[in-house]
Undergrad: 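Can you keep this structure in mind? I'll have questions shortly.
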Amino acid sequence: MKLAAPIAVAGILASAICYGQTTHTAIEAGASTVKLEQMPESLETRFALSAAPPHLRDAASTYLLDPSKGYVLNRKGTNGVSCIVVRSDWQFPTSPFRDDIAWPVCFDAEGSKTLLQDYVYAAELRARGLDARQVHLEVTKRFGSASYPNPARNGIAYMIAPVMRGFVKGPEPATMNMPHYMFYAPGLTDADIGGKPFSKYPFMLKMSPGRDDVIILLVGETEKAAILAESKDLLSDLCAYRKYLCTTEETRKRMPND
């Protein structure tokens, strides 16, 4: 989703090259008409960092979304972890971009060098006017190249924020209080790990098969309750900002298969 930071320099250069290969006619024909609104800086920063465990937050890098450019480095961290609030679910090319997607994620060092760049590039392309189908094509065609390698090892993306809104199983996005961990597991299937799809037990989520395959592990109910309690002020501020980020009894009970 675009930047001034060392972690994104390669992404900027590669995206400039790829974008130059996309004709203005194609962009105009399928331009993204749903415009994103910039979140207040403090709120977006708090929301992004809430995805990581407390001991990682102070030294993590944070990127904030400028809808006219993409992601911009807000703070350079020292522990290799990078946090953003995803606003474009680019993995679904048949679903038009929306303005009500918001899910925080913090990638470890390996994910910051690889998987984070998918979201960085996608946000840049959306800012330039490409639609969901075009963005998906431009992002995925770089996978596994020398300048855009797949993760070289297993790792983790933290998503233990108190609330998120995105696509899970249904055709429409949903707001949910579902803190969880995502472990990189390229090429694995539910059969390999004994996963139970879209359940409270570990399962595979294959967003970009072969690259962005992850094992989803939900936190336990006790930990979830603690996260929500500790995030009371953040949840209140998010709800005041946009109603679709409000926590309700329904969002508390929602599970991946709902």
Side-chain angles (χ1 to χ4, degrees), residues 1-11 39-65 70-87 101-120 122-123 149-166 176-186 202 205 207 211-238 245 247:
M1 286 168 163
K2 327 0 54 58
L3 2 2
I7 191 174
V9 171
M39 293 182 71
E41 180 177 324
S42 176
L43 182 62
E44 186 175 0
T45 300
R46 292 162 59 207
F47 196 22
L49 289 171
S50 73
H55 71 280
L56 294 177
R57 294 172 188 168
D58 288 346
S61 295
T62 54
Y63 294 85
L64 303 184
L65 182 68
Y71 286 103
V72 177
L73 180 66
N74 176 254
R75 184 185 73 185
K76 177 63 177 176
T78 58
N79 63 6
V81 174
S82 301
C83 302
I84 63 171
V85 177
V86 173
R87 305 287 300 282
I101 299 297
W103 49 272
V105 58
C106 293
F107 294 94
D108 68 1
E110 185 65 22
S112 294
K113 293 184 294 184
T114 55
L115 302 178
L116 170 65
Q117 302 311 312
D118 301 348
Y119 296 94
V120 165
N150 292 329
R153 60 166 174 79
N154 298 112
I156 185 170
Y158 296 96
M159 289 189 64
I160 61 171
V163 68
M164 60 173 284
R165 181 173 175 81
M176 64 205 85
N177 305 106
M178 196 177 70
H180 60 281
Y181 303 94
M182 302 195 301
F183 299 93
Y184 316 147
L205 181 63
M207 292 184 288
R211 176 181 176 86
D212 200 356
D213 303 325
V214 295
I215 298 173
I216 301 292
L217 177 63
L218 275 60
V219 304
E221 287 301 317
T222 299
E223 184 179 359
K224 174 179 173 178
I227 289 172
L228 267 59
E230 294 165 0
S231 306
K232 181 179 178 180
D233 291 343
L234 173 60
L235 289 172
S236 177
D237 291 343
L238 288 169
L245 291 175
T247 290

Undergrad: Within the 4.5 Å heavy-atom criterion, are Asn150 and Pro186 side-chain neighbours or not?
TA: no
Undergrad: Rounded to the nearest 0.5 Å, how far does OG of Ser50 lie from CE of Met159?
TA: 10.0 Å
Undergrad: Identify the two heavy atoms, one from Leu235 and one from Leu228, that lie closest to each other, and give their separation to 0.1 Å.
TA: CD1-O, 3.8 Å
Undergrad: Which heavy-atom pair separates Asn79 from Ala59 by the least distance, and what is that distance?
TA: OD1-O, 2.9 Å
Undergrad: Could you pull out all donor-acceptor pairs under 3.5 Å where a side-chain atom in residues 39-49 meets a protein atom, sequence neighbours excluded?
TA:
{"residue": "Glu41", "atom": "OE2", "partner": "Asn74", "partner atom": "ND2", "Å": "3.3"}
{"residue": "Glu44", "atom": "OE2", "partner": "Leu65", "partner atom": "N", "Å": "2.9"}
{"residue": "Thr45", "atom": "OG1", "partner": "Glu41", "partner atom": "O", "Å": "2.8"}
{"residue": "Arg46", "atom": "NH1", "partner": "Asp237", "partner atom": "OD2", "Å": "2.9"}
{"residue": "Arg46", "atom": "NH2", "partner": "Asp237", "partner atom": "OD2", "Å": "3.1"}

Undergrad: Measuring from atom CZ of Phe107 to atom OH of Tyr63, what distance do you get when rounded to the nearest 0.5 angstrom?
TA: 11.5 Å
Undergrad: I would like to know whether Val86 and Met164 meet side chain to side chain contact (heavy atoms under 4.5 Å, CB included); could you show each step before the answer?
TA: CA-CA 10 Å; Val86 173; Met164 60 173 284; over 6 Å; no
Undergrad: Can a donor-acceptor pair be found, under 3.5 Å and without considering hydrogens, that links the side chain of Glu110 to the backbone of Asn154?
TA: no
Undergrad: Write out all pairs satisfying salt bridge (Lys or Arg N to Asp or Glu O under 4.0 Å) with one or both partners inside residues 149-166, taking only residues at least two apart or from two chains.
TA: Asp100-Arg165, Asp108-Arg153
Undergrad: Please report the shortest heavy-atom distance between Ser61 and Leu73, naming the atom on each side.
TA: CB-CD1, 4.4 Å
Undergrad: What heavy-atom pair brings Ile227 and Ala161 nearest, and what distance separates the two atoms?
TA: CG2-C, 4.5 Å
Undergrad: Got a sec, which residues hit side chain to side chain contact (heavy atoms under 4.5 Å, CB included) with Pro202, two or more places apart in sequence or on another chain?
TA: Ile215, Leu217
Undergrad: Determine yes or no for a side-chain-to-main-chain donor-acceptor pair under 3.5 angstrom, with Tyr71 supplying the side chain and Val85 the backbone.
TA: yes
Undergrad: Applying side-chain contact (heavy atoms from CB on, under 4.5 Å) between Cys106 and each of Leu116, Ile84, Ile156, Val81, report the one that passes.
TA: Val81
Undergrad: Shortest non-hydrogen contact from Thr114 to Pro149?
TA: CG2-O, 3.4 Å
Undergrad: Write down the atom of Asn177, the atom of Pro162, and the distance for their closest heavy-atom approach.
TA: ND2-O, 2.8 Å
Undergrad: Does any part of the side chain of Ile216, heavy atoms only, come nearer than 4.5 Å to the side chain of Met182, both counted from C-beta?
TA: yes
Undergrad: Tell me the salt bridge (Lys or Arg N to Asp or Glu O under 4.0 Å) pairs involving residues 49-65, sequence neighbours left out?
TA: none
Undergrad: Hey, what do you get for CZ (Arg75) to OG (Ser82), rounding to the nearest 0.5 Å?
TA: 10.5 Å
Undergrad: Test: side chain to side chain donor-acceptor pair (under 3.5 Å). Region: residues 216-234. Which pairs qualify, not counting sequence neighbours?
TA: Tyr181-Glu223
Undergrad: With sequence neighbours excluded, tell me which residues meet salt bridge (Lys or Arg N to Asp or Glu O under 4.0 Å) with Asp213.
TA: Lys206
